[in-house]
A.B. asks: 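Let me give you the structure first, and then I'll get to my questions.
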Amino acid sequence: MSANALLRSYQEQAHVWDEMFSAGGIRPEYRQFVAALANLEGQEMTRKDELAKKLFMSQGITFTVYSDGEGIEKIFPFDIIPRIIKHAEWTTIEAGIKQRLKALNIFLKDIYHQQFIIKDGIIPAALVYSCPQFLREMVNVHVPHDVYTHVAGVDLIRDHDGEFYVLEDNLRTPSGVSYMLENRSITYRIFPDLLPKNNVQPVKDYPDLLLRNLLALADRQVSEPTVVLLSPGIFNSAYFEHSTLARLMGISLVEGRDLLVHNHFVYMKTTKGLARVDVIYRRVDDEFLDPLVFRPDSTLGVPGLYWAHRKGNVAIVNAMGNGVADDKAVYCYVPDMIRYYLNEEPILKNVPTHQLADAEARQHVFERMDRMVIKRTNESGGYGMLIGSAATEEQMDDFRRAITADPRSFIAQPIISLSATPCYINGTLQPRRVDLRPYALCGPSGIDIVSGGLTRVALREGSLVVNSSQGGGSKDTWVLGPASEAVS
């Protein structure tokens, strides 16, 4: 089958923004890539697809699904057709994410100190204090350089009009960056000449940028501060990512049992004795970090870690308690935060969102539930969610009862179309829905965003859920350099 036959067989979806095709034909940013496909022999695409699967298998690029009865560890699905973003579009995305994270960092400092935003009536006190991620233990605690969110993954979607919207902010322990790096590595293997020809911007600098920011947080005046990555362990769904990032940064991958606290200093157990730790990049949730302060049954954290951090003897990335800023109910107020703290209009829009603690909004949503997405405010991974158009009446009734019992824990949003992109599935090109998670690194010197991100794909036909735990996969994301605009 030739590449031209692939294109002719592609069926676009009505009222859906297609990333590769427009009413006038192939979009300019894709033309070079499609021209290269036209030169491939009939079965070459299938061979490349099979090679990609073998590479993922041989390199052990996996994720974990706890609820799957067939075995929890799976190879991460990868589609070989890249998602391509124009330089001009990326410039807007980058500026919007930087603006958003700047405001969110200020919000976190404010909410744990003076609370001006509450006193001025911009955000309700009850909303903040009722958030499970708001840690009273972090009130008036100084964090290095006032940076609370060092690593962020901001989820973007594209509606039927082609405009990007922020779907949610992932500020606690955002995952997926290792798949962004591995996707690019695999793409270099299957399309070795196409990335330079298309002037695709690199993503390989991410580990170096992250390490630079981590080292900059060390308070001790030594030539080589000790940085570790704290993982819950091998059974965690993102363990592949933890080990990959630790290896790429050249730092130790540790679990709670590998660390101890003595006299409010953190030490790592090594074969040469104890080594003092300056910075912890933690991938353990707040409630498990210190059994002396949070959950006493936790075996994942380190007893005494909270007080070591509070006394300024160790930096923790991301800061404890920053989950209050990615609560889905607080998300509604991010545009107001931008106006309040920065005196600017938001560059990237929020998806219209109803807070179901409001009785009028709740009634409005109940009457239109078949056109809504209902989400629990503190769930992730596609769990705790109802898509009204695909739900049964029984499922909607269950959600109505749950919402009525605890309205603060739910939000509702209109069903967004989500843009589609061609995927190579069973030897043909088929449209599948996608989102985009760029990764931002906030450090003492500012905010860095690598030119790319993780494009997640809803591989099930007709699905709008892109999460890997719900059957989703991913693509390589190509951000074109400025010179590519003129070429195309």
A.B. asks: With a 4.5 Å limit on heavy-atom distance, are the side chains of Leu289 and Arg282 in contact?
C.D. replies: yes
A.B. asks: With sequence neighbours left out, which residue pairs that include part of residues 124-148 fulfil the ring-ring contact (aromatic ring centres under 6.0 Å, His included) condition?
C.D. replies: Tyr112-Phe134, Tyr129-Phe134
A.B. asks: Would you give the length of the straight line joining atom OH of Tyr179 to atom CZ of Phe56, rounded to the nearest 0.5 angstrom?
C.D. replies: 9.5 Å
A.B. asks: Main chain of Val151, side chain of Thr149: is a donor-acceptor contact present, judged purely on distance under 3.5 Å?
C.D. replies: no
A.B. asks: Taking Glu241 for its side chain and Gly176 for its backbone only, find out whether a donor-acceptor pair lies under 3.5 Å.
C.D. replies: yes
A.B. asks: Looking at CD of Gln99 and CD of Glu344, how far apart are the two atoms once the value is rounded to the nearest 0.5 Å?
C.D. replies: 5.0 Å
A.B. asks: Quick one, Ile81 and Met45 - any side-chain contact, counting heavy atoms below 4.5 Å?
C.D. replies: yes
A.B. asks: Under the side-chain hydrogen bond (donor to acceptor under 3.5 Å, both in side chains) test, which residues partner Glu94, sequence neighbours left out?
C.D. replies: none
A.B. asks: Apply the test side-chain contact (heavy atoms from CB on, under 4.5 Å) to residues Met337 and Arg100: give CA-CA distance (whole Å), side-chain angles for both, the deciding distance (0.1 Å), then the verdict.
C.D. replies: CA-CA 9 Å; Met337 293 177 200; Arg100 196 171 180 93; over 6 Å; no
A.B. asks: More than 12 foreign heavy atoms under 6.0 Å from CG of Asn426: is that the case here?
C.D. replies: no
A.B. asks: Quick check on the 6.0 Å ring-centre criterion: do Phe21 and Tyr10 meet it?
C.D. replies: yes
A.B. asks: Charged N to carboxylate O under 4.0 angstrom, Arg172 versus Asp327?
C.D. replies: no
A.B. asks: List the steps, then state whether salt bridge (Lys or Arg N to Asp or Glu O under 4.0 Å) holds for Arg401 with Asp397.
C.D. replies: CA-CA 6 Å; Arg401 284 191 289 271; Asp397 284 341; 5.2 Å; no
A.B. asks: Any salt bridge between Glu367 and Arg362, counting N to O under 4.0 Å?
C.D. replies: no
A.B. asks: Is it true that atom NZ of Lys109 has more than 12 heavy atoms of other residues, nucleotides or ligands lying nearer than 6.0 Å?
C.D. replies: no
A.B. asks: Are Arg158 and Glu19 ion-paired here, with the side-chain N under 4.0 Å from a carboxylate O?
C.D. replies: yes
A.B. asks: So how far is it from Lys48 NZ to Arg189 CZ, rounded to the nearest 0.5 Å?
C.D. replies: 11.5 Å
A.B. asks: Before accepting this row, confirm whether a basic side-chain N of the pair Asp79/Arg432 lies closer than 4.0 Å to the acidic partner's carboxylate O.
C.D. replies: no
A.B. asks: Count the heavy atoms of every other residue, nucleotide or ligand shown that sit under 6.0 Å from CG of Asp120, and state whether that count exceeds 12.
C.D. replies: yes
A.B. asks: What verdict does the side chain to side chain donor-acceptor pair (under 3.5 Å) test give for Asn318 and Tyr281, after you've listed the backbone C-alpha separation in whole Å, the side-chain angles of each residue and the deciding distance to 0.1 Å?
C.D. replies: CA-CA 7 Å; Asn318 286 333; Tyr281 176 30; over 6 Å; no
A.B. asks: Please check this pair: side chain of Thr353 against backbone of Asn350, looking for a donor-acceptor N/O pair closer than 3.5 Å.
C.D. replies: no
A.B. asks: Is there a donor-acceptor pair closer than 3.5 Å between any side-chain N or O of Arg27 and the backbone N or O of Glu29?
C.D. replies: no
A.B. asks: Any sub-3.5 Å donor-acceptor pair from Asp110's side-chain atoms to Ile117's backbone N or O?
C.D. replies: yes
A.B. asks: Salt bridge or not for Arg83 and Asp476, using N-O below 4.0 Å?
C.D. replies: no
A.B. asks: Distance-only, no hydrogens or angles: does the Arg456 side chain make a donor-acceptor pair with backbone N or O of Gly473 under 3.5 Å?
C.D. replies: no
A.B. asks: If you round to the nearest 0.5 Å, how far is CD1 of Ile347 from CD1 of Ile97?
C.D. replies: 10.5 Å
A.B. asks: Any non-hydrogen side-chain atom of Leu386 less than 4.5 Å from a side-chain atom of Gln395?
C.D. replies: yes
A.B. asks: With a 3.5 Å distance limit and no angle check, can you tell me whether Asp358 reaches the backbone of Ala361 through a side-chain donor-acceptor pair?
C.D. replies: yes
A.B. asks: So how far is it from Ser419 OG to Asp161 CG, rounded to the nearest 0.5 Å?
C.D. replies: 10.5 Å
